[in-house]
Amino acid sequence: MLEQQLVNGLTLGVIYALIAVGYTMVYGVIELINFAHGEVYMIGAFLCVTFITAVGLPFYVSMLLAMICAAAIGVSIDRIAYRPLRSSPRLAVLITAIGMSIFLQNLAMIIWGSRPVPFPQDAVPAYLKLTAIEFSGVHLSWLQLFIFAVTFSMMLLLYVIINHTRMGTAMRALAQNRTCSQLMGVNVNRVIAFTFALGSSMGAVAGVLVAVYYNTLSPTMGYVAGVKAFAAAVLGGIGSVPGAMLGGIVLGIAEALGAGYVSSLYRDGVAYAVLIAVIIFRPSGLLGKALVEKA
Amino acid sequence: MRSLKLARLAVLASFLILGAAGAAAAADTIKIAVPSPFTGAAAGYGDNVKAGVELKLAEINAAGGINGKQVVAEFLDEQCDPKEAATVAAKIVQDDAIVGVVGHLCSSAHLAALPNYVKKGIVAVSPTATNVTISEKNKDKAGKAWSYRVVYRDDFQGAFLARYASQVLGLKAIAVFYENNDYGIGLKEAFVKEAKKIGLAVVGEEGYMKGASDFTPQLTSLKSKNPDGLFISGYYNEGALIATQAKKLGMNVAKFGADGLDNADYIKLAADAAENTYMTVPFLAEAASADAQAFLKKFADTYKRESDWMSANAFDATGVVLEAVKAAGMDRAKVRDAIAAMNSPETGFKGITGNTYFDANGDCLKNAFVKVVKGGTFVPADKQME
């Protein structure tokens, strides 16, 4: 039973991690909690379904297109709601972020309706539905393996982009000091837009994976997932990409074990208790650097 | 001078005419309130109730309305949230144009709204709230009930399910998975109580919160107790996810639940994992009257989807309120009295879900039917129980 609970938790955790990356990267460059990120995750899933059902595209193509559209949506959110307030007090941007989240959720309800819809199963490659491994009562499906594979390759891609490209260097420079990097010739708005695009496309992937895994998607799915992923980002150390990964997995496993062994009604309670415990002892999160207050 | 005076008169006259027209419009309509969740996690159910109410209003208005007046409904969103429901209820009782309430959908919301209705004296007829405590909390000091329902109570339904699982399905060990709200808990408790009485073993109980999407940890621990039946005490959204995830974990047991599971979306969302799910429903299309068949056809034509019991009950709850308005006029207290007078099979409301009549607690006696998912569609179970 423990093995199965760990598998359950890990699946949940890597999905949290994928969403958490979006929070953590945006926070890293502009110190904004992008509350609309959960909605981008939800819209990504809906777009993928729309491409499959309305346009008739294959699963993988739809997923890729959903990523691209989500990236465009992420960039637009920044352009419309955050960029005009770049030099305003941080609280103002936080409020627009919440407003954006409510707006997008209601927009999705108008476009796709408020009822939960199933993922078009016929479009999902058949092998993903099979059980991959089954030993001593532990069930692991190909879909779960696919989720792990996608998440880890996305993370690897992200690592390469951040550490080995010019854009990544610019992102890191921005995270350290915006004014200074601007003076060094970094096009700040372009780097921020890129960050939003990257985070949003990851969010869309997570949305699609969740929709396939649970065979359901609804306009409200972004809220809970967003809150959990944000907690994961904080747990791992907000601003740190490997931290988001680790935070997601820790949170997912804590939740699964909490529900399995403590009490199923306190599963979120257990997850947040872990978060609080970590924050008390390591205020900057598991992998976060203790920040020196910027001048 | 003279032309100016005339112009003034003309303006004045037009105001008067407009004003009179407005007043006439208000007096020519009968307004009911329909508080239900139209946004949030339960919005899908609210849509179903709204559809049922709208069909009833369309039917009555097409036939010339009530005593020559057209009927309109004000739909108020309470998100199935007790706090919102209390706010909405306060708004309803203050609007003098509203003669009665069709709602609420969720038991928790209904309970939170009740004190307002009882204190200010407006009658509420719920199409779907099945929680037991409603029957205790719906009376004013004089002992008059202000809340009625056209659906049976959870204790009836829970006990019925325990007997059905044991006597008809022949199950021995049941795992219970319940939603942590008034509906899920009330139903579960009635089930467990009856199970104890008839010697049906309950091997595990796990809860979940509304809107959750991952149930694998709880299912994993229920599975380790080797049940041969899984009782899902909740609604179809989560129910479909539970069925799907149970199947993925290799938990191939009989599944059953109550009216909360009964929705075409349950099969759509759970696909083949929905097979062999038994559920009690207050309304079974196959066993329904000709009136009900007409309703089902009208519903499918209008909304391009299958109706469920919530829409049928909303249709009848609206019918109960408007029948009372027809008999008693626009006075709120008289409307209540007219509903309270539907207290015997002879005086009951003959709707599409059967003959509805109330006891002094506002509850009605209705039999439950059992449906089962076979071949991707709902069919009546082979064996029904009296």
Side-chain angles (χ1 to χ4, degrees), chain A residues 1-9 11-12 15-16 102 105-106 109 113-119 121-122 129 131 134 137-141 143-144 210-211 213-221 223-225 228 252-270, chain B residues 37-48 77 79 177-180 185 204-225 235-238 240-251 263-274 305:
Chain A
M1 184 170 132
L2 177 67
E3 300 88 343
Q4 182 70 55
Q5 295 291 24
L6 289 175
V7 170
N8 299 340
T11 314
L12 204 59
I15 288 169
Y16 288 160
I102 296 170
Q105 195 186 102
N106 285 284
M109 279 193 192
S114 56
R115 307 155 68 83
V117 293
F119 197 90
Q121 285 296 320
D122 300 341
K129 293 179 206 158
T131 302
E134 188 181 352
V138 177
H139 281 250
L140 190 62
S141 65
L143 183 60
Q144 278 168 309
V210 162
Y213 184 55
Y214 296 133
N215 187 34
T216 180
L217 58 167
S218 70
T220 49
M221 70 192 266
Y223 175 71
V224 180
K228 290 274 175 59
I253 290 178
E255 216 182 296
L257 295 183
Y261 293 102
V262 184
S263 157
S264 48
L265 290 176
Y266 292 120
R267 62 182 294 174
D268 293 352
V270 171
Chain B
F38 298 115
T39 64
Y45 311 119
D47 275 355
N48 292 341
D77 181 24
Q79 302 172 8
F177 209 174
Y178 64 96
E179 181 164 325
N180 190 29
I185 294 172
E205 286 181 38
E206 295 281 343
Y208 65 86
M209 308 299 279
K210 176 167 257 352
S213 55
D214 183 73
F215 303 94
T216 46
Q218 293 102 314
L219 285 168
T220 303
S221 76
L222 285 177
K223 189 187 165 209
S224 69
K225 287 162 186 154
Y235 297 98
Y236 68 86
N237 286 348
E238 291 84 5
L241 293 173
I242 290 167
T244 314
Q245 291 170 28
K247 188 170 182 238
K248 275 188 189 145
L249 290 170
M251 196 171 168
N263 190 295
D265 282 358
Y266 175 76
I267 301 179
K268 257 200 261 163
L269 295 171
D272 48 352
R305 62 172 199 259

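In this text the structure is predicted, and so the values were computed from the model without any measurement.
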| Heavy-atom contact with chain A under 4.5 Å, split by part of B:Tyr178 |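 The answer is the side chain of B:Tyr178.
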
| said: Is B:Asn263 close to chain A through its backbone or its side chain, or both, or neither, when contacts mean heavy atoms under 4.5 Å? | reply: side chain

If you take all heavy atoms of [X] and [Y], which pair is closest and at what distance?
X: A:Gly260; Y: B:Ser221; answer: O-CB, 3.9 Å
X: B:Lys268; Y: A:Asn215; answer: O-ND2, 4.0 Å
X: A:Ala259; Y: B:Pro217; answer: CB-CB, 3.5 Å

| query | Any idea which of B:Gly44, B:Gly207, B:Ala43 has the most non-hydrogen atom pairs under 4.5 angstrom with chain A? | reply | B:Gly207

Spacing of [atom1] belonging to [X] relative to [atom2] belonging to [Y], to within rounding of 0.5 Å:
X: A:Tyr261; Y: B:Thr220; atom1: OH; atom2: OG1; value: 8.5 Å
X: B:Thr216; Y: A:Gln144; atom1: OG1; atom2: CD; value: 8.0 Å
X: B:Ser213; Y: A:Lys228; atom1: OG; atom2: NZ; value: 7.5 Å

| request: Would you mind checking which part of A:Tyr213 comes under 4.5 Å of any heavy atom in chain B, side chain (CB onward), backbone (N, CA, C, O), both or neither? | output: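 A:Tyr213 touches chain B through backbone and side-chain heavy atoms alike.
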
| Any side-chain heavy-atom pair from B:Leu269 and A:Pro116 closer than 4.5 angstrom? |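 Heavy-atom side-chain distance check passes, below 4.5 Å.
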
| Any side-chain heavy atom of B:Leu249 within less than 4.5 Å of one from A:Asn8? | yes

| request: Give the C-alpha distance, both sets of side-chain angles, the deciding distance and a yes or no for side-chain contact (heavy atoms from CB on, under 4.5 Å) between B:Asp47 and A:Ser114. | output: CA-CA 8 Å; B:Asp47 275 355; A:Ser114 56; 3.4 Å; yes

| field | Worked check of side-chain contact (heavy atoms from CB on, under 4.5 Å) between A:Tyr214 and B:Gln245 | value | CA-CA 8 Å; A:Tyr214 296 133; B:Gln245 291 170 28; 3.1 Å; yes

Top contributor to chain B interface from [options] [non-hydrogen pairs under 4.5 Å]:
options: A:His139, A:Glu255, A:Met221, A:Gln4; result: A:His139
options: A:Gly9, A:Ala256, A:Gly258, A:Gly113; result: A:Ala256
options: A:Leu257, A:Val138, A:Thr216, A:Thr11; result: A:Thr216

